[in-house]
Number of protein chains: 2
Amino acid sequence: MTPPTEQTGENSAVPPPVRRRPGGRTSRTRAQVLDALRAELGERGYDELTLDAVAARAGVHRATVYRRWRDVGGLLADLFEATRDDDWQPQDTGSLQGDLAALNHENQAALTAQPSIAAALVAASFRSEEAARGVRRLWEDRYARCEVIVSRAVLRGELPPHTDARQLLVAATAPLYHHLILLRTPPDPGLPDRAARTAVLAAAAGAFATPPPTGGAPA
Amino acid sequence: MTPPTEQTGENSAVPPPVRRRPGGRTSRTRAQVLDALRAELGERGYDELTLDAVAARAGVHRATVYRRWRDVGGLLADLFEATRDDDWQPQDTGSLQGDLAALNHENQAALTAQPSIAAALVAASFRSEEAARGVRRLWEDRYARCEVIVSRAVLRGELPPHTDARQLLVAATAPLYHHLILLRTPPDPGLPDRAARTAVLAAAAGAFATPPPTGGAPA
DNA sequence: CCACTAACGCGACAAGTTTTACATTAAGAT
DNA sequence: ATCTTAATGTAAAACTTGTCGCGTTAGTGG
């Protein structure tokens, strides 16, 4: 991701041996390249992605891309990084099942859009360890933002106070990803709602209850 | 997938029979190459997979591999084919939750084995349309074999007669795949059992009931 | 055992991808 | 405005990937 700043040594003698230049041209190049990457991912798909095409589309020389991102994995990792800082947040529909269903509908739309950047990103995450780390952090960020869905439901009295938010969210969303990404079955318009309903039923049956915070135990 | 029969030679009117030779060397070569492919997938991982390395490991010339399988996608598709015809079947533990948990434990073991062929196969399915078709058929086959878990549970009286087997199986197994393959979180020893339990609770709450065969009076 | 030829090995090569060395441009500080 | 040098551009070399023609090996049927 961005320039590998390995310089951060712990020694006290040499503070910053290399003065970076994050301004003007550098950031402009990054923006151009990431835009070109998104466009290529969408149009040509992941497996036909070449660094060369990205560089050409960005109006930048190939060597520049190779130098700064090294390979496709590095490029994608940086894209994850850039994707991560937006202001997305889950809708508030007024009910747990509605919130989860809305989330699923949004995901289904993103994953089945004809040139799907989301699907390309998932495919890409298998490319390199670097990209895998990037996608892991992206998922973590998104699930963290979704936890508010659960806390809202608790406040409304729809769920018991000690509910494992992550487990509930995963139960509600995993079937969708499973079908669209792993099984590769054609999109089922009813699936988002069914999966949400199933998770809510399981939650009502106490499937995601965490052990009550009984007084401080040892250790 | 086996040998691509493009060998139409010239033209004439009658397609020459082209006598194949499935015996001896041909099948031996296929076995060597697929073994080498499995080994490479496990050791080097999917993204570092090269036809060249597979051929070298199989003790076969590159041109042979290119001729018979054309590219990585064809190679992987053939591997799916070979993987599909084994005699695997789900364990019978005597209870629905036990069966589902056993299935999850087995999958978790397969997906976290250090060189995980299973994980590599999933990654590989993104490579080409051909490989994607192969993996889709593999999943279809495995889920079909698992349906017996549900019918056994129905016979035992653990489930109502009209239960959607696929939905139940997906609900029980999807969270595992979601964590291990998409989220890339480290394996959680408790997850297989929890996911199985959640699915059983949802089933008990009627989450997977299919409309009764008789025309019930609509609301 | 023999003839036929599918399937393989070999090496050369075209196309594509990544690295490297050097020249040029422009960010950032004085 | 001027200087320093990080970041790019440029071009050619080094390496990778996939294809092709041709000679050799070994199934298969007689």
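A note on names: the letters A, B, ... follow the listed sequences, proteins ahead of strands, and every chain is numbered from 1. Computed over heavy atoms, backbone and side chain alike; hydrogens, waters and symmetry mates excluded.
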**Request:** Sort and list the pairs that fulfil salt bridge (Lys or Arg N to Asp or Glu O under 4.0 Å) and have at least one residue in residues 102-115 of chain B, not counting sequence neighbours.
**Result:**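 Those involving residues 102-115 of chain B do not exist here.
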**Asked** Any salt bridge (Lys or Arg N to Asp or Glu O under 4.0 Å) pairs touching residues 114-126 of chain B, not counting sequence neighbours?
**Response**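 Residue pairs passing salt bridge (Lys or Arg N to Asp or Glu O under 4.0 Å), neighbours aside: none found.
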**Item:** Axis bend over the full length of the helix from dC1(C)-dG30(D) to dT30(C)-dA1(D), computed from five pairs that close each end, to 10 degrees
**Value:**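 Its terminal axes enclose an angle near 50°.
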Tell me whether the OP1 or OP2 atom of [N] has a side-chain N or O from [X] closer than 4.0 Å.
X        : N      : value
Thr64(B) : dA7(C) : no
Thr29(B) : dC8(C) : yes
Arg68(A) : dT8(D) : yes

**Item:** Gln32(B): partners by side chain to side chain donor-acceptor pair (under 3.5 Å), with sequence neighbours left out
**Value:**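 Scan of Gln32(B) (side chain to side chain donor-acceptor pair (under 3.5 Å), adjacent residues dropped) gives none.
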**Under-4.0 Å salt bridge between Glu147(A) and Arg142(A)** =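 Result for this pair is no, no salt bridge flagged.
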**Message:** So that I can tick it off, tell me whether Asp52(B) and Arg57(B) are bridged by a salt bridge, with the cut-off set at under 4.0 angstrom between side-chain N and carboxylate O.
**Reply:**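 Answer for the salt bridge query: no.
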**Message:** For a quick check, with a 4.0 angstrom heavy-atom cut-off, what is the B/S/- contact string for nucleotides 13-20 of chain C, read 5' to 3'?
**Reply:** ----SBB-
**Prompt:** In residues 34-43 of chain B, what residues come within less than 4.0 Å of DNA chain C, judged by heavy atoms?
**Reply:**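 Those residues whose heavy atoms fall under 4.0 Å from DNA chain C, taken from residues 34-43 of chain B, amount to none.
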Could you list the residues that satisfy side chain to side chain contact (heavy atoms under 4.5 Å, CB included) with [X], not counting sequence neighbours?
X         : result
Asp87(A)  : none
Arg44(A)  : Glu40(A), Glu48(A)
Arg152(B) : Asp92(B), Asp99(B), Val148(B), Ile149(B), Arg156(B)
Ile117(A) : Arg38(A), Leu121(A)

**Request:** Please identify each residue that fulfils ring-ring contact (aromatic ring centres under 6.0 Å, His included) with Tyr177(A), with sequence neighbours left out.
**Result:**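 For Tyr177(A), the residues satisfying ring-ring contact (aromatic ring centres under 6.0 Å, His included) (neighbours in sequence not counted) are Trp139(A), His178(B).
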**Message:** Phe208(A): which residues meet the ring-ring contact (aromatic ring centres under 6.0 Å, His included) condition with it, sequence neighbours left out?
**Reply:**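 Phe208(A) satisfies ring-ring contact (aromatic ring centres under 6.0 Å, His included) with no residue once adjacent residues are dropped.
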**Prompt:** Between dT24(C) atom P and His61(A) atom NE2, what is the distance in whole Å?
**Reply:**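 Nearest whole value for this atom pair: 15 Å.
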**Request:** Return yes if the base of dA7(C) and the side-chain atoms of Arg25(B) contain a donor-acceptor N/O pair under 3.5 Å, otherwise no.
**Result:**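 Present.
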